[in-house]
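Structure, as structure tokens:
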Amino acid sequence: MHQADVVIPGVLYRRDPVAEALPLVIDSPHNGTDWPADFDHQVTLTELMTSVDAYVDELFAHTPAVGGTLLAALFPRAYVDANRAEDDLDAKLLDGDWPHPLNPTRKTGFGMGVIRRLILKGRPLYSQPLPVEQVLHRLQTYHRPYHSALAAAIDRAHARHGVVFHINAHSMKPVGNPMNDDHGQARPDVVLSDREGETCCPAFIGRTAEVLSDLGYRVAINDPYKGAEIVQRHSDPATGRHSLQIEINRALYLDPETFERSEGFDRLKANMDTLVVELADWIQHRLD
Ligand SMILES: [Zn+2]
């Protein structure tokens, strides 16, 4: 793996194409484990790790070699979640008056807004409300730079090619937990989401599903995940900005006890290499 082209310590890194540039951007917002010094929580590291999409950036590390750009967060999602809107915030978390309008969604209701209230069901992350300044700091120092870097990568590719294909990459627990819509349900190998057709052209999600199915994976579309803030905010298919969300089942690559790579990691990584090669090929044909 070559070194990152851009690093904001503790916040993010970006790796640029090392082959002829193609309008392919892959971002991983939830793999970060650089725990900020002011993350004053009351839960265990094991509980925190359940919220990390561990090694997802590594799974897509082949992206620059096919001409794509890879962006990954270094901060933990339990600290501030880049896949939620800034106003998807629970007023009950705050010690003080919030200076902006709030728009809490169902995710905040489940304790999983832009600042999480619960790490697991019934398990509050904090022992007391957070100072407003602390929450503003998390948004200004982590959330906004991540979105700015993603927007810049997408804009750069779009400016050069008039079109861009973006994958927002995650991993999911093998079974939905009580904080999820699919509590108790076993999940497929991969879930692809485009907010029911809103965030990308059918051909992009169709080709991605086809490659993954050919690799032997059970693929579901928009079930149980529909796609969240990142694909919604950064897509605009009408102007050639196509985004899809991918959720990979952690049972394929992660030890559930230690959160280390399991013996399945290398095979999955090789298959994700194949996926990015096939998607680069598909994008190249659309540009020709
Ligand atoms: Zn995630």
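As the structure lists them, so they are numbered: ligands from 1, and atoms in each ligand from 1. Remember, predicted model here, so these are calculated numbers, not experimental data.
Between Asp181 and Arg106 there is a salt bridge, since a side-chain N of the basic residue sits under 4.0 Å from a carboxylate O of the acidic one. Taking the charged nitrogens against the carboxylate oxygens, Arg286 and Asp281 have no contact shorter than 4.0 Å, which rules out a salt bridge.
Looking at Asp53, its N, O or S atom nearest to the Zn ion (ligand 1) turns out to be OD2. Taking the N/O/S atoms of His170 in turn, the shortest distance to the Zn ion (ligand 1) belongs to ND1. Counting just the N/O/S atoms of His30, the one with the shortest distance to the Zn ion (ligand 1) is named ND1.
Ser171 and Tyr55 are not linked by any side-chain donor-acceptor pair at a separation below 3.5 angstrom, with hydrogens and angles left out of the test.
For the pair Arg261 and Tyr253, the cation does not sit on the ring face, since its NZ or CZ is not both under 6.0 Å from the ring centre and inside 45° of the axis.
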